[in-house]
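The analysis underlying the following values was restricted to heavy atoms, covering all of them including side chains, and did not include hydrogens, waters or symmetry mates.
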Amino acid sequence: LGGKKNISDVDCCATRLRCTVIEVDRVDDALLKATGATGVVHKGNGVQVIYGPNVTVIKSNLEDYLETAEDTFAEHERIVISSPITGNAADLATAPDDAFAQKMMGDGAVVTPEDAYVCAPEDGEVAFVFDTKHAVNMVSHDGVEILLHIGIDTVKLGGQYFEAHVSDGQEVKKGDLLISFDMDKIKAAGYKVTTPLIIGNTDDYASVEPVAQNSVSAGDMILKIK
């Protein structure tokens, strides 16, 4: 059922062992059937394991086991990534660029800026600032590779309207200013300022989940990584 601390409640009826679990994806139906269950029913966080009339004995044995069992349940580590910009957050799939929208470079989110300041989303190190200053790559202290790409196709501006406030290898704290830019001039030049936040090492994690939609301030949680 996913380990001792994954089970928050145990009960039974005439034929079914009823358990409430914290993370249902840790329940191994095949393993439960190997213990003699004829079926497993999932209802939200409730799991019903069908054993038949001897279920009361199984329930009693399970309760005895849980009192002394070693804790084999480890919480999935969850890493929080904050928004680098104040603006309007949306799913990465809405990015006005196929490479970003199709997550070719990794999963993440987008923010359409309301101000012209890109700040460090977490504590970490600046890996490199692009020569054109339209993008910066950093690695958080948790090992998350974060690409911040200001605007779409803005590399074509050749660095115009962007100012870098950090350099390669620099240690930064969450909220430190990384890049400032002239939003009005970039728009006037015909470019969108929609800013993707990409997790470059997405494949290292079980999931990257966007948690912010619509209005978001710099420093607010925008992604959860498991």
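- Between the S217 side chain and the T86 main chain, no donor and acceptor come within less than 3.5 Å of each other.
- The closest side-chain heavy-atom distance from Q170 to M138 is not below 4.5 Å.
- The heavy-atom pair separating R16 from V55 by the smallest distance is C-CG2, 3.5 Å.
- Between R18 and C13 the shortest heavy-atom distance is NH2-SG, 3.6 Å.
- For Y161, there are no ring-ring contact (aromatic ring centres under 6.0 Å, His included) partners at least two apart in sequence or on another chain.
- By the side-chain contact (heavy atoms from CB on, under 4.5 Å) test, T56 pairs with C12, sequence neighbours left out.
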Show the atom names and distances, to 0.1 Å, of all donor-acceptor pairs under 3.5 Å that link a side chain in residues 188-203 to residues at least two apart or in another chain.
| unit_1 | atom_1 | unit_2 | atom_2 | d |
| --- | --- | --- | --- | --- |
| T195 | OG1 | V193 | O | 2.9 |
| N201 | OD1 | E145 | N | 3.0 |
| N201 | ND2 | G143 | O | 3.0 |
| N201 | ND2 | D204 | OD2 | 3.2 |
| T202 | OG1 | D107 | N | 2.9 |
| T202 | OG1 | I199 | O | 2.6 |

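- Chaining together hydrophobic side chains whose heavy atoms lie under 4.5 Å apart leaves L31 on its own.
- At a threshold of 4.5 Å between non-hydrogen side-chain atoms, the residues Y205 and K226 do not count as touching.
- Residues I85 and L177 fall into different hydrophobic clusters, defined by Ile, Leu, Val, Met, Phe, Trp and Tyr side chains chained together at heavy-atom separations under 4.5 Å.
- For the atom pair CD (E171) and CG (D176), the distance works out to 10.5 Å, reported to the nearest 0.5 Å.
- Here the CG-CE distance, from L92 to M105, works out to 8.5 Å after rounding to the nearest 0.5 Å.
- In this structure, F162 and F181 have tilted ring planes: the angle between them lies in the 30° to 60° band.
- With sequence neighbours left out, the side-chain contact (heavy atoms from CB on, under 4.5 Å) criterion links V211 to M221, K224.
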Pairs of donor and acceptor atoms involving the side chains of residues 109-121, under 3.5 Å and at least two apart or interchain, shall be tabulated with distances.
none

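- Shortest non-hydrogen contact noted between H165 and S180 is NE2-OG, 2.7 Å.
- Remark: F128 pairs with F130 by the ring-ring contact (aromatic ring centres under 6.0 Å, His included) rule, at least two apart or across chains.
- For S207 (side chain) and E209 (main-chain N/O), no donor-acceptor pair under 3.5 Å exists by modelled atom type.
- The hydrophobic clustering, which links ILVMFWY residues whose side-chain heavy atoms are closer than 4.5 Å, places L178 and L147 apart.
- Within the model, atoms CD1 of I150 and CD1 of I186 stand 7.5 Å from one another, a figure rounded to the nearest 0.5 Å.
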Before giving the answer on side chain to side chain contact (heavy atoms under 4.5 Å, CB included), spell out for K156 and H134 the whole-Å C-alpha distance, their side-chain angles and the decisive distance to 0.1 Å.
CA-CA 9 Å; K156 297 176 182 178; H134 75 292; over 6 Å; no
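- The minimum heavy-atom distance linking V216 with A89 is given by the pair CG1-CB, 3.8 Å.
- V208 and V80 fall into different hydrophobic clusters, where Ile, Leu, Val, Met, Phe, Trp and Tyr side chains are chained together by heavy-atom contacts under 4.5 Å.
- In this structure a side-chain-to-backbone donor-acceptor pair under 3.5 Å is present from N45 to V21.
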Using side chain to side chain contact (heavy atoms under 4.5 Å, CB included), reason through H149 and T154 one step at a time and then give a plain yes or no.
CA-CA 9 Å; H149 191 286; T154 46; 4.2 Å; yes
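- By the rule that hydrophobic residues join a cluster once side-chain heavy atoms approach within less than 4.5 Å of another member, I79 and L148 end up as members of one cluster.
- Among residues two or more places apart in sequence or in another chain, the side-chain contact (heavy atoms from CB on, under 4.5 Å) test is passed with A93 by D91.
- Taking all atoms of both residues into account, the shortest heavy-atom contact from P210 to L223 is CA-CD2, 3.7 Å.
- For the side chain to side chain contact (heavy atoms under 4.5 Å, CB included) criterion with Q48, the lone passing option out of D11, T15, L17, V41 is V41.
- Here D153 contributes atom CG and D97 contributes atom CG; the two are 6.0 Å apart, rounded to the nearest 0.5 Å.
- Under the 4.5 angstrom side-chain criterion for Ile, Leu, Val, Met, Phe, Trp and Tyr, V139 has no cluster partners at all.
- Minimum heavy-atom separation, I146 to S140: CD1-CB, 4.4 Å.
- Residues that satisfy the side-chain contact (heavy atoms from CB on, under 4.5 Å) test with H42, not counting sequence neighbours, are V27, D29, V40, V47.
- Annotation: salt bridge (charged side-chain N to carboxylate O under 4.0 Å, His left out) contacts involving residues 52-61, sequence neighbours excluded, comprise K59-E63.
- You'll find the side chain of V144 stays beyond 4.5 Å of the side chain of E122, heavy atoms only.
- With hydrophobic clusters built from ILVMFWY side chains whose heavy atoms lie under 4.5 angstrom apart, F100 does not share a cluster with L157.
- Although no hydrogens or angles enter the test, the distance criterion places a donor-acceptor pair under 3.5 Å between the side chain of D168 and the main chain of V129.
- Each side chain to side chain donor-acceptor pair (under 3.5 Å) pair with one or both residues in residues 30-39, not counting sequence neighbours, appears once here: T35-Y51.
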For side chain to side chain contact (heavy atoms under 4.5 Å, CB included), just list the numbers for D220 and I222, CA-CA rounded to whole Å, side-chain angles, deciding distance to a tenth of an Å, and then say yes or no.
CA-CA 6 Å; D220 289 350; I222 193 170; over 6 Å; no
